[in-house]
Every structure is written in structure tokens, then in C-alpha cells.
Amino acid sequence: MQCGFCRIERATSFAFTSQIGDNGHPMRKAVRDAVMQALVPVAQKAGFSGELPYIAIEVPEEKFGDFSTNAAMVMTKPLKSNPRKIAEELTATLKGHPLFTAVGIAGPGFINMSVKPEAWLEECKKIPADNSDYGTLPPVPGEKVLVEFVSANPTGPLHIGHGRGAAVGDALARLLKKAGYNVTAEYYTNDTGLQMENLGRSTLIRYKQLFGMDDALLENSYQGLYIRDIAQEIKDAHGDKFLKQADAESLPFFTTYTADKILDDIKEDLKKFRVNFDNWASEKSFHESGAVEKTIEHLKQHGAIYEKDGALWLKTIELAGDEKDRVVKRANGITTYLAADIAYHDDKYERGFTRLIDIWGADHHGYVARMKAAAKALGKDPASLQPLLIQIVSLKKGGELVAMSTRSGKFTELKEVVDEVGVDACRFTFLTRGYDAQLEFDVDLAKSQSNENPVYYVQYAHARISNIFKTAAERGIDPFPADPNWALLNREDDLRVMKKALFFPAMVEDAANGLAPHATTHYLTELAGVWHKYYTGNRVISDDAALTAARLALAARVRTVLKNGLELLGVSAPEKM
RNA sequence: GCGCCCGUAGCUCAAAGGAUAGAGCGACUGACUUCGGAUCAGUAGGUUGGGGGUUCGAGUCCCUCCGGGCGCACCA
């Protein structure tokens, strides 16, 4: 498998591999094994010896059975036969397999299989009943993943667009960890450079204004009122000290102070949004440590750099088909942002990471080629660097689209929305969508619909089950019976719930492979739906002690999956609402 | 002008190239004196922006047109 991560490359790489683990779903793995085994003699008979194409084992619509495979259809070309014929040969073998109660051919050549209920019951027993860890896949050896996200410049508070990146990045990190990867979540701070100088100067101007001086903000100044608050802080602490010296002398202090203050606020917002970072990287530190210069030397040695017009250029056209080559060191001797970012990525590789996932705003898409070029120039496989472009969040307020700009001070803060809509609803909303589609976030709607957000549908299922246990305990019934009679749960209703719950680890595996954290919200909504339906049709606590015990055991397992799933999203799993 | 992303129910969004394109919200009709009605059952709603192509099969891949967004710095 060349690349289990890349959404772009997976189509080709997956198409010619059969190395899908099915780590997460013992039943799906068993079915895959059965299908592959059945395929061997058929392929041999046809004289086929090449690598098998990817064969899908899917969970189809319920009426078709528990699993279906397209094996017969994808094998038509390699075997030079027709799908119906291949399907018949395969089913002849599969029908004899002890796992299945039914095997059939349908449509253009799908093979549908139903698994015997006892096998499902056995699997379901293995889910922990106490809400503890479930669905964590075995460690993936040899992979060390770095997920870099948010990385907003400390020039202003986080806005709603950052919120989307934060939710996606955090959920992705959680998902990959769950899927067995060694994952580090990191935030890169652009705490130096021209924008930082602008920032410091903005504060200095505001500071002077506080003393009645008529300094006006510059065109490229940060206009937000938070700058004035910071200036006020400085005035409170230092009085007119900075009026008595040259601006150039004051500027470093104002810059550092402002950036630190804003970064502190960003950290607080992220914490509130339940976004966790394992590490904070600083652009400034790469300059101060000499890493940037070292990296440029490194690139020179690899022949990736040339000099023109007094500046140093990286050959990004040649390396990655970029539109033009890019400057890493200006004619005035100052290195560019790109140079520092390359040094940072060099550092990531140096630290032993084998996959670098960068979550960027879609407005950075022009940046992809030059970073891929950099990876290549550093002697790395460009495929190990995976920028994910989170599409823009356009903000709607009062029925109108609002343009967002940190510099102009026109934006809706993440904090503001989180306070009004709530962390759970906000995160869930962001994680219901794929990251590559633009998203219209209607603030008013989000607020007014806070009670109708799908997140509550899922949480309610968790709370309802929790309440059942409470009721059971009140009536002197053990909510978590040690050895219930599972055989009582063999009706369609029961099995439907079990099958959905047991799909959880497979969902983790599939979503991790596709870098698609939003699959989790959809899965959980389905599981909650199946449970709500079950709940309506079946009383868990009844006069039948044995049946009660069995249903309590099932309920506990559903709750465990809901809890684990919500945890992946960073959404709380309340016992009551 | 060039490049990237997107266009799916009235709205917000799903859908490894697979079967009759699915959920939620909104609309409409119903639900057991019971463990929580933030729930459940049902109805209506679609030429997947238009047109070509590739193949056993296309919302998905290719070409083209239309519409929207975002980029095209010795800023970050």
C-alpha cells in the first residue's frame, strides 16, 4: 500500500491492493477471508496469477443481508468472464461456509451474505459493558504521525474559520490515535516577521492614543479593539515609559507583549473548545537556533537552490511543478516565511515523523506545491507530506454574508459562537461535513437551532440508556448483570442493534484510512437511531428477569460505543440532559 | 487570463466506481396511561448545474460549458 492516507492517491493505490486489514471488524475480516479463499480456485482455474484488485466487503442495505461483495464484478476483467458466472462459482463455495446462513447473488453480480446470529452474539459479548475503551485498533508499526493544525498567527483572536480547522484537526488526531497510530498534535506559531512588526506597531499607536496623542492607525495596522485593550494593559503597567524613548526602541517590547498576550488568549479559546495540542512550535525559535540557515545550506547541498537578482530561490517548478520558483532568502539577506516553514518541516522529519499532516485553510492551496517541493529537496517522499485543505467558512449573520478579516477587525470570534451555541453542538456541526466542501455558517441559525442540533439526538441516546441503569438500580435490579443469557437476544431487532454497534471499530479504521473524521458523526447518528427505535419497541426493564438482564447487557454495550464515539469527536456524553 | 476547490430534496449536508441517490431541519398525518416524547411510525419533496465521453455499472473518473468560492508576493 503506497499511501493509506492520501485521499487523492488512494483511488489508485487502493485499487490495486488487497492489503486491507479489517483490523477493526472481526466479522468483516472473517467474511473477507472467506471470499478470498473462495476466489483462489476460481482464479486458478481461469489461469490468473496477477495481483488481485481491491475487493470491497460492504455492509449493504439490510434487506440484502449482513455483507455484500463486488468480487465477481471486479474480477470480470482479470478472469475474462462474466460477473454472473463468477458469482455462481464463488457462491457455490461460500454456501458451504459455516459462518453463513444465507448466500445469494443479486443485481449485476453482487454476492450477499448473512452471518449466523450466534456469531453476532459472540462478538457483541466482547464489547465492554462499563463505558471503558472500545474500538481502539492495534498499534500500526513504523508510523509516526504529526498533525499540525490551527497554527493561526498570534495577531488576533481565533475566528469561526479557525474553529473548523481546530475541530477537524483535533478530531482527526483523536481518530488516528484510536486507529492505532502514534500521533502528535502540534500548533506552529508565526511569531516573527513583518506581520508581527505591524502588530507591535498597531499596539504602540493605540498606546500613544491613550495619552491623547493623535497618531492614527496605518493602513496595514490591525484595527481590532482587542489591540486597544492590550495597549491599555501596557499603560497600566508601565505608564508613559515608552513615550520617553524612540519608537524603534519600544517596538520589540510591544510586538512580543502583544503576540504573547494574544497567544495566551488563543490557548484559552482552544482549551475551552476542547482542542488539545501536544506541542507548540515557534517560528522565532527556528530563526534563533540557526535552523533556518542550516536548512538553506542543506537545500543548497542538494542542488535545490540557485541565486538570481541577489536572492536565493528554491527550484519548486522542477521539484513539484509549481507555477514559479520561490524565494527563500531575499536580496536584503532576510529569509522568507517559506524558509522558516521548510526548516520547521525539516525539524518534523528530524524528530522521526514519517507522515506530516498539515491542516491549512483552503486559501493556502497555492502553498502545497512549494512545500511538496521542499520535502523532495530534503530527500523525503513528497507523499509523506499531506496538506489537507479545509474549505472556507463563510459567515452569515442577520441574513447577510460577512467578510472576515483579522486585520480589519471584522470577524466573529470562535469564543463568541462557542459561548452561545455550546462546544458540543459547535464541534458536532463542524464534524458533520467533509472538510473539502465550503460551509456556510449561519450564526443566527446556529443559535436558534441549538435545541435541534443532531448532536442532541446522539447524546440523548446515551442519556436514555444511562437512565435505564439508574432506574434498574432503584428497583433493585443489577444494571450490569455478569452472565446474562445472550441467546434471548436473537430477534431481528436485537441483532440490528448489535450489528450497528459492532461496526464501530470498522468505522474507525475506514475513517482513519480516508482521513475522514466526519464519518464518525454520521455513524453515531445511525447507531443512536437504531437504539431509539429499539427503545420504543422494546422495554428493557420488564417482569421477565432473564430478558431484562439480557437487554441491560445489550444497552450497556450500545452506551459504550456511543461514549467512545463521542469521545472521538470531543463531544460530551451526558448521563442526563 | 492561469490554477485549485465546490455545485446533490425548500434549507444544511451524507454517499471507497456499485443495487431503488440517503439523513437532519422545515412541511403534513399519526403513536402504547410504561425505562426520559430532545423519541418513534408514516407522507410529500430529486433529470445529483447543462451537455458529451470512459465501462458490466458514473453524484463519484475524463472533456466542455454555466454558476459560486479561493489563490496567483523577495506577506504570513
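Keep in mind that this is a model prediction, so the values were computed, not measured. The sequence lines fix the lettering, A, B, ..., with proteins before strands; numbering per chain opens at 1.
Under 4.0 angstrom from either OP1 or OP2 of B/C74 there lies no side-chain N or O belonging to A/Lys329. Look at A/Tyr460 and you'll find a side-chain N or O under 4.0 angstrom from OP1 or OP2 of B/A38. Here A/His364 does not reach the OP1 or OP2 of B/C4: none of its side-chain N or O atoms lies under 4.0 Å away.
Ring geometry for A/His25 versus A/Phe67: interplanar angle over 60°, hence perpendicular rather than tilted (30 to 60°). Using cut-offs of 30° and 60° for the angle between ring planes, the A/Trp360 and A/His364 rings count as tilted. Ring geometry for A/His159 against A/His162 counts as parallel: the plane angle stays under 30°, on a 0 to 90° scale with 60° as the upper cut.
Contact annotation: side chain of A/Asp363 to base of B/A76, donor-acceptor pair absent below 3.5 Å. You'll find a donor-acceptor pair under 3.5 Å spanning the side chain of A/Ser68 and the base of B/A19, going by distance alone. Taking only distance into account, the side chain of A/Gln438 meets the base of B/G68 through a donor-acceptor pair shorter than 3.5 Å.
For the C1' atoms, the distance from B/U20 to B/C63 is 30 Å, rounded to whole Å. When the P atom is used for both B/U48 and B/A9, the distance is 10 Å, rounded to whole Å. Comparing B/C6 with B/U60, their P atoms sit 12 Å apart, to the nearest whole Å.
A salt bridge links A/Asp510 with A/Arg28; the closest basic N to acidic carboxylate O contact falls under 4.0 Å. One finds no salt bridge joining A/Lys470 and A/Glu575 here, because no Lys/Arg side-chain nitrogen approaches an Asp/Glu carboxylate oxygen to under 4.0 Å.
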Worksheet entry | Base-pair map of RNA chain B as dot-bracket, where | denotes pairing with a different strand and pairs are Watson-Crick or G-U under 3.5 Å | (((((((..((((....[...)))).(((((.......))))).....(((((..]....))))))))))))....

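With a 6.0 Å cutoff to the six-membered ring centre and a 45° limit on the axis angle, A/Arg164 does not count as a cation-pi contact of A/Tyr435.
For A/Lys324, the listed nucleotide lying nearest its side chain is B/C74; candidates were B/A15, B/C74, B/G69.
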Considering only nitrogen or oxygen atoms on both sides, find all protein atoms under 3.5 Å from nucleotides 27-33 of chain B and state each distance.
none

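Judged as a side-chain contact (heavy atoms from CB on, under 4.5 Å), and not counting sequence neighbours, the contacts of A/Ala56 are A/Tyr54, A/Glu58, A/Asn70.
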